[in-house]
Amino acid sequence: MGSVKVTLPDGTSKDFPQGTTAREVAQSIGPGLAKVALAAKVDGNLVDLNAPIESDSAVQVITPSSPEGLVIYRHSSAHLLAAAVLELFPDAHPGIGPPTDTGFFYDFYREKAFTEADLARIEAKMKELAEADIPFERIYFPKEEGLKLFDQMGEFLKCELIQEKAEPVFSAYRTGKFLDFCRGPHIPSTGRIKAFKLLSVAAAHWKGDENSQPMQRIYGTSFFSKKDLDDYLNQLEEAKKRDHRRLGKELDLFSIQDEAGPGLIFWHPKGGIIRKEIEDWLRAELLAHGYDMVFTPHAMRLHLWEISGHANFYRDNMFGPMDVENDRYQLKPMNCPGHILIYKDRRRSYRELPIRMAELGTVYRYERSGVMHGLLRVRGFTQDDAHIFCMMEQLESEVQDCVEFAQLVLKTFGFDRFEVELSARDPEHAEHYAGTVEEWSQAENALMNTLKRMNIPYKYMPGEAVFYGPKIDVKLVDAIGRPWQLTTVQFDFNLPRRFGLEYTAADGKPHTPVMVHRALLGSVERFFGVLIEHYAGAFPVWLSPVQAVVLPISERHTDYARKVAEELRAAGIRVELDDRNEKLNARIRDAQLQRVPFMLVTGDREAQAGGVAVRRRDTGDAGFRPLGEFKSYLRELIDTRTNKW
RNA sequence: GCCGGCGUAGCUCAGUCGGUAGAGCAACGGUUUCGUAAACCGUAGGUCGGGGGUUCGAUUCCCUUCGCCGGCUCCA
């Protein structure tokens, strides 16, 4: 029996008998480590703690503090879930059950649907199985033999997976009565799973194919400690409180009307004023960034969409065409063809480039009935769209300007974190893409260089590009850490060619310009939805529909209160007078619930001294301020678009 | 589109094992004139999402349709 040399992450190495396990390695480092160990990484491969080490290797013990720890733990949690389901529902057939970013799920095929009550029973059974501390036992099967076994068990879905994915000898894990085709690794035993909760049951399709078997997916989450679990559950509660659909109703910002149709947004006065503020800011910035503002029709001849290709490859996402006289018209799903027509309306010189055409362009896209979601997924929306026509050598600086512009958006609306993704072509399938290999490399390099020059970390996503060009997506991260994809900067090789765009270059000859599609907010609707959730309805002063409310203490203070309101209104401040016959407390409560940033209490003392008693929505009573002073303070908060004050 | 759940007053919800419905808040009328998160009394308000069926009788049971919610899939 030989020995193997085990190198630990700190660089030290030690000899062990061949076939020693990672658990024994952990034990030799310290009993404490062995106790918390979940799995191990041997030469970069994740394995079970009791996997034998057969040759010299680098070994790292995976514990709850390792990045991989939680993923493995949740994968094991998914197995625990399946084990519990099979105990209670022998008619359920397990499909797949992976960990996710926030927990885990397991898909089952079963005739009858699981109910909420079933979830509670399953969770109780999981608890029981966890307390029984059942080991996760790794077993190897030759493919044929394993197939036969799963077939005898009636696990037809597992058989399908084994047929497709299994190595000649594959691994499976046994947890009590539950046997699963699984690569692993898993934690040592169910007793280690301390804090978990089942969250919901929903539908899924077998292998994500909607024509395939409908499955029932049970979602759950697990954490190493009860506290982490509680924190997560609280965060879910917090997210629920911020739900823009609920706040949209409570704050009277927008609605969706049954009578009008799903996915179509009605902006109420209070949402409307916020939209106006956003748009005013954006327009001013667009002009400052050298964009031209254009407006294009909402419906155009279908023929135009045939040229652009949308009538073909985008048809499933378009409203049907309408008959007009002897022609067919199409409600626009995109703004690009309109802008292209403006470009094409006369000859263009290289001296004019880049041309940056911006439009708050309202588009209509057909979304399948089950997918609409408040403001975040709708059928009619307004993109803050722009198309940049330029020469290849101008591309980098244009892209940089777009990314900087996106950063300005983030800053202005109080987001401090973002993530960037660069989607490139799949190098294996050049035939799927418009444009030559050289052009693609040039464009991808331009995007990449820009991000590198700007020192922006990004995720490189090969194969994620759309067929017409590579793109940069910016996801902003909101106040409670959720990412939202809004900004997109897309390169386009396709449309300039399809429409035969040209400019006359210095050599006097026609050349084809390149085109960049770019949206910063994405769509005004979605952006608004994200903003509502980000601020939890408590907008900064410049965006608040009502910036201050004046509250006379009793009827005899109404005249003074009215004067206060008029003076603020004259300074362009959105102020309301609440002189309803309600107690001060009640009116304060209403203003708080409406997230009005400032409440101005006016009684005898204030009238006497010519000022207001300021109450802030966040910190409460802020004491007396002379009216003139408060007015300029408020004006400044608005003019500087201050997010925190 | 698919799977599951749900549609009762403006809002949030209760209720009817088949005999046409209630609460709180909001609205309206009155009393009260109040100092930092809900004063008091009263009034009015519903073809129980729409259509069809079963039934002496349907808000309740069945079918269908529209919409919403949780997901799948897809995207700004």
Side-chain angles (χ1 to χ4, degrees), chain A residues 105 107 109-110 112-116 118 199-219 243 245-246 249-250 252 256-263 314 316-317 333-335 361-363 365-385 466 473 484-488 490 517-530 551-558 579-594 599-606 613-617 619-624:
Chain A
F105 64 79
D107 283 351
Y109 174 73
R110 181 169 175 247
K112 255 183 83 185
F114 291 114
T115 63
E116 289 291 319
D118 291 338
L199 298 171
S200 60
V201 51
H205 294 99
W206 176 233
K207 293 191 287 194
D209 174 0
E210 64 179 81
N211 297 315
S212 180
Q213 197 82 265
M215 304 284 288
Q216 297 186 63
R217 175 168 299 178
I218 298 179
Y219 281 94
D243 191 314
R245 292 167 299 184
R246 168 198 179 125
K249 183 170 273 186
E250 284 174 11
D252 198 13
I256 296 165
Q257 306 281 339
D258 280 13
E259 280 182 290
Y314 206 68
D316 290 349
N317 287 293
M334 303 265 180
N335 299 303
T362 303
V363 297
R365 298 183 184 174
Y366 169 73
E367 297 286 357
R368 303 160 99 201
S369 55
V371 306
M372 260 81 69
H373 184 89
L375 293 171
L376 301 179
R377 187 76 183 272
V378 296
R379 282 183 175 160
F381 58 101
T382 302
Q383 293 180 301
D384 67 318
D385 207 357
V466 273
D473 290 323
W484 302 89
Q485 206 238 287
L486 301 170
T487 301
T488 178
Q490 308 189 353
H517 308 250
R518 159 255 81 144
L520 301 174
L521 311 181
S523 85
V524 183
E525 286 75 7
R526 181 178 285 183
F527 187 72
F528 186 38
V530 173
L551 305 173
I553 287 179
S554 79
E555 227 167 88
R556 74 173 183 281
H557 308 113
T558 308
D579 59 354
R580 286 175 304 158
N581 181 11
E582 292 288 347
K583 291 191 69 171
L584 179 65
N585 277 343
R587 286 174 290 151
I588 284 178
R589 178 169 192 270
D590 288 345
Q592 285 286 154
L593 290 174
Q594 287 297 306
M599 284 146 271
L600 309 175
V601 177
T602 54
D604 290 331
R605 299 200 291 267
E606 289 72 26
V614 177
R615 179 190 165 95
R616 298 167 52 116
R617 73 175 168 210
T619 51
D621 195 346
F624 178 82

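All heavy atoms count here, side chains included; hydrogens, waters and symmetry mates do not. Quick note on labels: first sequence line is chain A, next is B, and so on, each numbered from 1. What you see is a predicted model; the values in this text were computed from it and never measured.
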> Kindly say whether A:Phe114 contributes a backbone atom to a donor-acceptor pair with the side chain of A:Gln216 at under 3.5 angstrom?
yes
> On a plain distance test, is the side chain of A:Gln592 in donor-acceptor contact with the base of B:A38 below 3.5 Å?
no
> Mind checking what makes side-chain contact (heavy atoms from CB on, under 4.5 Å) contact with A:Arg377, not counting sequence neighbours?
A:Glu367, A:Val371, A:His373, A:Arg526
> Which whole number of Å gives the distance between the P atom of B:A39 and that of B:U33?
15 Å
> Could you run down the sub-3.5 Å N/O contacts of the protein with nucleotides 63-70 of chain B?
residue: B:G67; atom: O2'; partner: A:Asp258; partner atom: OD1; Å: 2.9
residue: B:C69; atom: OP1; partner: A:Arg245; partner atom: NH1; Å: 3.0
residue: B:G70; atom: OP1; partner: A:Arg245; partner atom: NH1; Å: 3.4
residue: B:G70; atom: OP1; partner: A:Arg245; partner atom: NH2; Å: 2.7
residue: B:G70; atom: OP2; partner: A:Arg245; partner atom: NH1; Å: 3.2

> Determine whether A:Arg518 and A:Asp384 make a side-chain contact, defined as any pair of heavy atoms from C-beta on separated by less than 4.5 Å.
yes
> Take the protein atom CD of A:Gln594 and the nucleotide atom P of B:A37, then report the distance between them rounded to whole Å.
17 Å
> Quote, to the nearest angstrom, the C1' distance that separates B:C34 from B:C40.
13 Å
> Tell me every residue that passes salt bridge (Lys or Arg N to Asp or Glu O under 4.0 Å) with A:Arg617, counting only those two or more places apart in sequence or in another chain.
none
> Measure the distance from CG on A:Leu600 to C1' on B:U36 and round it to the nearest whole Å.
12 Å
> Taking only N/O atoms, report every protein-nucleotides 28-35 of chain B pair under 3.5 Å with atom names and distance.
residue: B:U31; atom: O4; partner: A:Asn581; partner atom: ND2; Å: 3.0
residue: B:U32; atom: N3; partner: A:Asn581; partner atom: OD1; Å: 3.0
residue: B:U32; atom: N3; partner: A:Asn581; partner atom: ND2; Å: 2.9
residue: B:U32; atom: O4; partner: A:Asn581; partner atom: OD1; Å: 3.3
residue: B:U32; atom: O4; partner: A:Asn581; partner atom: ND2; Å: 2.0
residue: B:U33; atom: O2; partner: A:Glu555; partner atom: N; Å: 2.9
residue: B:U33; atom: N3; partner: A:Glu555; partner atom: OE2; Å: 2.8
residue: B:U33; atom: O4; partner: A:Glu555; partner atom: OE2; Å: 2.3
residue: B:C34; atom: OP2; partner: A:Arg556; partner atom: NH1; Å: 3.3
residue: B:C34; atom: N4; partner: A:Asn581; partner atom: OD1; Å: 2.8
residue: B:G35; atom: O6; partner: A:Asp604; partner atom: N; Å: 3.1
residue: B:G35; atom: O6; partner: A:Arg605; partner atom: N; Å: 3.4
residue: B:G35; atom: N1; partner: A:Glu606; partner atom: OE1; Å: 2.9
residue: B:G35; atom: N1; partner: A:Glu606; partner atom: OE2; Å: 3.4
residue: B:G35; atom: N2; partner: A:Glu606; partner atom: OE1; Å: 3.3
residue: B:G35; atom: N2; partner: A:Glu606; partner atom: OE2; Å: 2.5

> Can you tell me the base-pairing partner of B:A58? Count Watson-Crick or G-U wobble geometry only, both distances below 3.5 Å, and say none if there is no partner.
none
> In the strands shown, is B:A23 matched to any nucleotide by a Watson-Crick or G-U wobble pair with both distances under 3.5 Å, and which?
B:U12
> Would you mind pulling out the nucleotide paired to B:C17, Watson-Crick or G-U wobble, both distances under 3.5 Å?
none
> Rounded to whole angstroms, how far apart are CZ on A:Phe105 and C1' on B:C72?
10 Å
> Calculate the interatomic distance between A:Arg526 atom CZ and B:C75 atom C1'; express it in whole Å.
6 Å
> Expressed as a whole number of Å, how far does the C1' atom of B:G22 sit from that of B:G45?
13 Å
> What interatomic distance, in whole Å, is found between P of B:U8 and the corresponding atom of B:G15?
14 Å
> With C1' as the reference atom in both, quote the distance from B:C11 to B:U54 in angstrom, rounded to an integer.
35 Å
> Tell which nucleotide pairs with B:C72, taking only Watson-Crick or G-U wobble pairs whose two distances are both under 3.5 angstrom.
B:G1
> Could you tell me how far B:U60 sits from B:U16 if I compare only their P atoms? Round to whole Å.
14 Å
> What integer distance in Å separates A:Arg217:CZ from B:C72:P?
6 Å
> So do A:Arg615 and A:Leu551 actually touch side chain to side chain, heavy atoms under 4.5 Å?
no
> Donor-acceptor check, side chain of A:Arg365 to backbone of A:Phe381, threshold 3.5 angstrom: yes or no?
no
> Looking only at atom types and distance, does a side-chain atom of A:Asp385 sit under 3.5 Å from a main-chain N or O of A:Gly361, one as donor and one as acceptor?
no
> Please report, rounded to the nearest Å, how far the P atom of B:C74 is from the OH atom of A:Tyr314.
14 Å
> Could you check whether A:Leu486 gets within reach of a base, just the sugar-phosphate, or nothing at all, counting any heavy atom under 4.0 Å?
sugar-phosphate
> Could you tell me how far apart A:Gln383 (CD) and B:C75 (P) are, to the nearest whole angstrom?
14 Å
> Counting Watson-Crick and G-U wobble pairs only, both distances under 3.5 Å, name the nucleotide matched with B:G29, or none.
B:C41
> For the C1' atoms, the ones on B:G50 and on B:G67, what distance do you get once it is rounded to whole angstrom?
10 Å
> Look at all strands and tell whether A:Gln216 reaches a base, only sugar-phosphate, or nothing, counting heavy atoms closer than 4.0 Å.
nothing
> Can you check the A:Leu593 CG to B:A26 C1' distance for me, whole Å?
13 Å
> Using the P atom in both, what is the distance from B:A23 to B:A9, to the nearest Å?
14 Å
> Check salt bridge (Lys or Arg N to Asp or Glu O under 4.0 Å) between A:Asp118 and all other residues, then give those that pass, not counting sequence neighbours.
none
> Counting N and O atoms only, with roles assigned by atom type, does the side chain of A:Gln594 sit under 3.5 Å from a partner on the main chain of A:Glu250, one being a donor and the other an acceptor?
yes
> Less than 4.0 angstrom from a charged side-chain N to a carboxylate O is my criterion; do A:Asp604 and A:Arg556 meet it?
yes
> Would you please determine if the base of B:G71 is stacked by A:Tyr219, with stacking meaning a centroid separation under 5.5 angstrom and planes under 30 degrees?
no
> If the condition is salt bridge (Lys or Arg N to Asp or Glu O under 4.0 Å), which residues does A:Asp107 pass it with, not counting sequence neighbours?
A:Arg217
> Quick check: on RNA chain B, is the nucleotide nearest A:Ser523 upstream (toward 5') of the one nearest A:Val614, or the reverse? Name the residue that is more 5'.
A:Val614
> Between A:Glu525 and A:Lys249, which has a closest nucleotide on RNA chain B that is more 5'?
A:Lys249
